[in-house]
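Beneath this line is the structure, given in structure tokens, with notes to follow.
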Protein chains: 2
Amino acid sequence: MTQLAVTVDRRSPVPLYFQVAEQLEQSIMAGTLAPGTRLPNEIVLADQLSLSRPTMRQAIRYLVDKGLLVRKRGVGTQVVQSQVRRSIELSSLYDDLIRSGQHPTTTVRDLRVVPAPEEIADALSLAEKAEVIRIRRLRYAQDEPLALMTNYLPQGLVDITPEKLEQHGLYELLRAGGVQLRVARQTIGARSATVAQARDLHETKGAALLTMTRTAYDDVGRAVEYGTHLYRASRYSFELTLIER
Amino acid sequence: MTQLAVTVDRRSPVPLYFQVAEQLEQSIMAGTLAPGTRLPNEIVLADQLSLSRPTMRQAIRYLVDKGLLVRKRGVGTQVVQSQVRRSIELSSLYDDLIRSGQHPTTTVRDLRVVPAPEEIADALSLAEKAEVIRIRRLRYAQDEPLALMTNYLPQGLVDITPEKLEQHGLYELLRAGGVQLRVARQTIGARSATVAQARDLHETKGAALLTMTRTAYDDVGRAVEYGTHLYRASRYSFELTLIER
DNA sequence: TAGTGGTCTAGACCACAGT
DNA sequence: CTGTGGTCTAGACCACTAC
């Protein structure tokens, strides 16, 4: 095992562990660190980079949590045998499409304040019939319809207009309004398209659709968004990485 | 903020951070620590339990990663505003059903050695046409069909028989054979049932089905299982928790 | 300005894997 | 046995938040 192509800049404001993790990640993605490769042990790595062992461990743990490395006590740390595609993160469909080079556009079909139905009030921890903002949108990617989305937000969080929604993702607007999303709980299922859904999505009645409902929470634990979405299964799927421990 | 009902036993072989995390988790689940509750800061907590700050941090980080707590620099650590249901983990459908009190049974429809199709050889990082074990099963929960499952495994990993598969989950057999699963990559989608699938699953032709394909890796990064499953959307869905950072 | 979590160090001892 | 990662300590300084 030779030296790794990693350097750290102690003047940088970027945390040391993160500089290391990012460079290792790039090497793995580029194939310089091939699947199956065993890394030197923590102590050696820490010495090579003049870091303390806990800091080196933090870098490695970051990549283990991402599913790029696996470690086994008494054995060592190795690169996982797989080319990784990007998997679900706490970002919106809009962000995902932008990143994957698609060209998302959005039509806002409805935006109004409504009394919260029981299910939504529950999910957002609001009093029943509290007023919430309801948004219905149709999302296109490369000029083909992709998803029908309905979202509910507590009032007063951020200023939302149809114009903004057609130019930005909902999560982008939330972040711009100072809302830091931290946790989301999702349920993914499937159903057959109704006539109206089929018409909107350019499918035929009965076509398989993916359903996703999500409640998102901010950095102080408040529920800030509830969404229920319908995706064309012919054009969309969810990828995820699971880690044991 | 009063004392937390947490104690640690230093003679126990269970790591201290884990003892703390488990007890906090129980308090959260039981409602003793209500959603929105703010925890004392790390230093105080560590002192109360006579632990070092890093150890206390590790306990908290564990729960943050699980989506039960959120933290914000300069502010503090709070309980997330939501009742959590169990979400997808690196376990098999069989394990999940057992845990949720259902009564899964399994019919093995086929178990044989076949030359690996290109797609499977790729996923498992094997030579094309290497021989693999192919398993086709039908899973029932409470006497109703739930899922049609096809799995591929490299030969020689563990000893698998139809009898064992009808009494245990596949992952259980792998673990019993010394295979430690660590990472899995999944894709979740939807499709309409064919006539044959509909017959097996007691659905009608064209019914919406959830699809899941998964490649699982062990603790040294080897691909050890590839599966492609079909679930009745009317009786099954996936739950997951996403964490930012 | 006071209080919080985020990062970092330099050690120590232990449990487990493979020889 | 040797080598690996897992746990734990007791400090230090910094960045961010809220008042």
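Below, chains carry the letters A, B, ... as their sequence lines are ordered, and counting in each starts from 1.
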Next on the checklist: With heavy-atom distances below 4.5 Å as the criterion, would you say the side chains of B/Thr77 and B/Leu63 are in contact?
Outcome noted: no

Checklist entry - Using a cut-off of less than 4.0 Å, is there contact between a side-chain N or O of A/Thr55 and OP1 or OP2 of C/dT9? => result yes

Atom pairs, protein N/O to nucleotides 4-6 of chain D N/O, distance under 3.5 Å:
| residue | atom | partner | partner atom | Å |
| --- | --- | --- | --- | --- |
| D/dT4 | OP1 | A/Asn41 | ND2 | 3.0 |
| D/dT4 | OP2 | A/Asn41 | ND2 | 2.4 |
| D/dT4 | O5' | A/Asn41 | ND2 | 3.4 |
| D/dT4 | O2 | A/Gly74 | N | 3.1 |
| D/dG5 | OP1 | A/Thr77 | OG1 | 3.1 |
| D/dG5 | OP2 | A/Glu42 | N | 3.1 |
| D/dG5 | N2 | A/Arg73 | NH1 | 3.4 |
| D/dG6 | OP2 | A/Arg57 | NH1 | 3.2 |
| D/dG6 | OP2 | A/Arg57 | NH2 | 3.3 |
| D/dG6 | OP2 | A/Arg71 | NH1 | 3.0 |
| D/dG6 | N7 | A/Arg53 | NH2 | 2.8 |
| D/dG6 | O6 | A/Arg53 | NH1 | 3.0 |

Next on the checklist: Mind checking if B/Arg61 touches a base, just sugar-phosphate, or nothing, with heavy atoms under 4.0 Å?
Outcome noted: nothing

Item to check | Test side chain to side chain donor-acceptor pair (under 3.5 Å) applied to B/Thr228 - qualifying residues, sequence neighbours left out | outcome: none

Item to check | Between C/dA10 (P) and A/Leu16 (CG): distance, integer Å | outcome: 12 Å

Item to check | B/Tyr62-B/Glu25 side chain donor-acceptor pair, cut-off 3.5 Å | outcome: no

Checklist entry - Over how many whole Å does the gap from B/Arg11 atom CZ to D/dT7 atom C1' extend? => result 19 Å

Next on the checklist: Between C1' on C/dT9 and CD on A/Gln58, what's the gap in Å once rounded to a whole number?
Outcome noted: 12 Å

Item to check | Whole-Å gap separating P (D/dA10) and CE (B/Met56) | outcome: 15 Å

Checklist entry - In whole angstroms, how far is the C1' atom of D/dC8 from the CD atom of B/Gln19? => result 13 Å

Checklist entry - For the pair made of OH in A/Tyr62 and C1' in C/dT7, what is the distance, rounded to whole Å? => result 16 Å

Next on the checklist: Testing the 3.5 Å rule here: is there a donor-acceptor pair between the side chains of B/Gln186 and B/Arg214?
Outcome noted: yes

Checklist entry - Just how far, in rounded Å, is C1' of C/dC14 from CZ of B/Arg10? => result 14 Å

Item to check | B/Glu119 atom CD, neighbour heavy-atom count above 12 within 6.0 Å | outcome: no

Donor-acceptor pairs under 3.5 Å, side chain of residues 11-20 of chain B to any protein atom, not counting sequence neighbours: which ones?
| residue | atom | partner | partner atom | Å |
| --- | --- | --- | --- | --- |
| B/Arg11 | NE | B/Asp9 | OD1 | 3.4 |
| B/Ser12 | OG | B/Val14 | N | 2.9 |
| B/Gln19 | OE1 | B/Asp9 | N | 2.8 |
| B/Gln19 | NE2 | B/Asp9 | O | 3.0 |
| B/Gln19 | NE2 | B/Val14 | O | 2.9 |

Checklist entry - To the nearest angstrom, how far is A/Gln180 atom CD from D/dA18 atom P? => result 11 Å

